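Contents: one structure, followed by commentary.
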There are 2 protein chains.
Amino acid sequence: MINEPRYTEMVAVLKAMAHSSRLFILDKLQEGEHCVCELTELIGADISTVSKHLSILRDAGLIGSTKKQNQVFYRLLCPCVLDFYSCMIKIKGDN
Amino acid sequence: MINEPRYTEMVAVLKAMAHSSRLFILDKLQEGEHCVCELTELIGADISTVSKHLSILRDAGLIGSTKKQNQVFYRLLCPCVLDFYSCMIKIKGDN
DNA sequence: GACCTATTTGGTCATGTCGCCAAGTATGTA
DNA sequence: TACATACTTGGCGACATGACCAAATAGGTC
């Protein structure tokens with residue numbers, strides 16, 4: 001019941017999304033690829049912190065990365081996660 | 001940017017969903033109302049634990065409750081949260 | 001090779017989450 | 001009133017998360 005693999009998998013994705021910096025990253029990557037230093041500047045945290053957020057999103061399968069010279073560019077793999085935004089707004093509107 | 005209220009609100013909803021027992025509850029409430037003791041039996045945890053999960057989901061605006069005699073029945077307020085399931089499956093399928 | 005930039009990884013500390021138990025509240029029944 | 005059932009709340013211990021700093025890794029330039 002509770003131990004169904006689909007719950008475990010969904011929990012992993014939901015946990016990955018459940019942080020404002022990570023939501024911001026997903027939102028930003030919707031526009032297109034960005035490297036770690038660009039995202040770091042926008043977020044305003046330590047680069048190591050941003051790098052860890054990115055690896056959490058990658059481990060969850062939400063984003064992918066490509067190394068170009070000495071920079072790493074991240075891109076959104078699953079634009080559908082952002083459809084969730086509209087549901088969120090509905091939730092907030094209904095109450 | 002990161003501090004936009006919409007991110008804060010979405011994080012609250014995502015955190016509320018990011019637990020296998022709570023996903024199970026949302027899934028179960030899709031069928032219709034259930035009282036705390038029914039959910040407790042299905043989940044197999046302490047009733048106090050289940051009660052706390054339910055209050056987390058209620059605080060996030062995902063479920064609502066009605067007291068009938070000495071039982072409390074919970075119902076899904078936002079069936080759209082379950083649309084997210086299909087996106088999850090897509091995520092898992094793509095990788 | 002020395003050096004610089006970009007990124008990742010390990011460590012530590014503060015804080016948050018989760019589960020149970022115990023105690024409190026509410027409603028119904030003897 | 002006493003007691004049972006249903007649920008909520010407070011507290012505690014175990015564990016997870018998040019932020020920073022420091023150190024390691026990788027690629028490009030002098």
Side-chain angles (χ1 to χ4, degrees), chain A residues 1-4 7-26 28-29 32-75, chain B residues 1-4 7-26 28-29 32-75:
Chain A
M1 309 281 263
I2 286 91
N3 302 319
E4 279 185 44
Y7 289 135
T8 311
E9 288 165 6
M10 283 184 52
V11 165
V13 174
L14 290 164
K15 277 189 177 176
M17 294 178 72
H19 189 285
S20 56
S21 297
R22 296 198 291 264
L23 279 180
F24 173 82
I25 291 169
L26 292 173
K28 205 70 197 168
L29 294 184
E33 288 193 342
H34 284 286
C35 69
V36 184
C37 57
E38 286 167 342
L39 294 167
T40 299
E41 180 139 23
L42 290 166
I43 291 170
D46 194 276
I47 190 170
S48 67
T49 303
V50 175
S51 176
K52 278 177 185 172
H53 283 313
L54 288 164
S55 65
I56 288 167
L57 289 170
R58 186 174 44 191
D59 291 350
L62 296 172
I63 63 175
S65 62
T66 315
K67 190 156 194 171
K68 292 178 187 170
Q69 299 177 342
N70 65 339
Q71 286 178 304
V72 178
F73 286 85
Y74 283 88
R75 67 185 175 284
Chain B
M1 311 282 260
I2 287 88
N3 302 317
E4 280 184 42
Y7 289 134
T8 312
E9 288 164 4
M10 283 183 54
V11 165
V13 174
L14 290 164
K15 277 189 176 176
M17 293 178 72
H19 189 285
S20 56
S21 297
R22 296 198 290 266
L23 279 181
F24 174 81
I25 290 169
L26 291 173
K28 205 70 197 169
L29 295 184
E33 289 193 342
H34 284 286
C35 69
V36 184
C37 58
E38 285 167 341
L39 295 168
T40 298
E41 180 139 22
L42 290 167
I43 291 171
D46 194 277
I47 190 171
S48 67
T49 301
V50 175
S51 177
K52 280 177 185 173
H53 283 314
L54 288 163
S55 64
I56 287 167
L57 290 170
R58 185 172 46 191
D59 291 348
L62 296 172
I63 62 175
S65 62
T66 314
K67 189 157 194 169
K68 292 178 185 169
Q69 299 177 341
N70 65 338
Q71 286 178 304
V72 178
F73 286 85
Y74 284 87
R75 67 184 174 286

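Proteins get letters first, then strands, A, B, ... in listed order; numbering begins at 1 in each. These numbers were taken from a predicted model, which means no experiment stands behind them.
The CD atom of A:Glu33 sits 16 Å away from the C1' atom of C:dT7 (whole-angstrom rounding). Rounded to whole Å, atom P of D:dA6 lies 14 Å from atom CG of B:Leu39. Atom CG of B:Leu54 is separated from atom P of C:dG19 by 12 Å (rounded to the nearest Å). Between B:Asp46 atom CG and D:dC7 atom C1' the separation is 11 Å, expressed in whole Å. Protein atom CD1 of A:Ile47 is 17 Å distant from nucleotide atom P of D:dA23, rounded to whole Å.
Note on ring orientation: taking the six-membered ring where Trp is involved, the planes of B:Tyr7 and A:Phe24 are perpendicular (angle over 60°, cut-offs 30° and 60°).
Rounded to the nearest 0.5 angstrom, B:Ser65 OG and B:Arg75 CZ are separated by 7.0 Å.
Listed here is the closest heavy atom pair of B:Cys35 and B:Gln71: SG-NE2, 3.6 Å.
Between C:dT7 and A:Ser51, no contact under 4.0 Å exists linking OP1 or OP2 to a side-chain N or O. Here A:Tyr74 does not reach the OP1 or OP2 of C:dA6: none of its side-chain N or O atoms lies under 4.0 Å away. For B:His19, a side-chain nitrogen or oxygen approaches OP1 or OP2 of C:dG19 to under 4.0 Å. Residue B:His53 places no side-chain N or O under 4.0 Å from the OP1 or OP2 atom of C:dT17. Phosphate proximity of C:dT17 to B:Lys15: present, with a side-chain N or O under 4.0 Å from OP1 or OP2.
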Would you tabulate the nitrogen or oxygen pairs shorter than 3.5 Å linking the protein to nucleotides 10-13 of chain C?
from: C:dG10; atom 1: O6; to: A:Lys52; atom 2: NZ; distance (Å): 2.9
from: C:dG11; atom 1: O6; to: A:Lys52; atom 2: NZ; distance (Å): 2.8

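In this structure, of D:dA19, D:dA6, C:dT5, it is D:dA6 that holds the atom nearest to the side chain of B:Asn70.
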### Message
Show, in sequence, the C-alpha distance, side-chain angles and deciding distance for B:Ile2 and A:Leu42, and conclude whether the side chain to side chain contact (heavy atoms under 4.5 Å, CB included) test is met.
### Response
CA-CA 9 Å; B:Ile2 287 88; A:Leu42 290 166; 5.7 Å; no

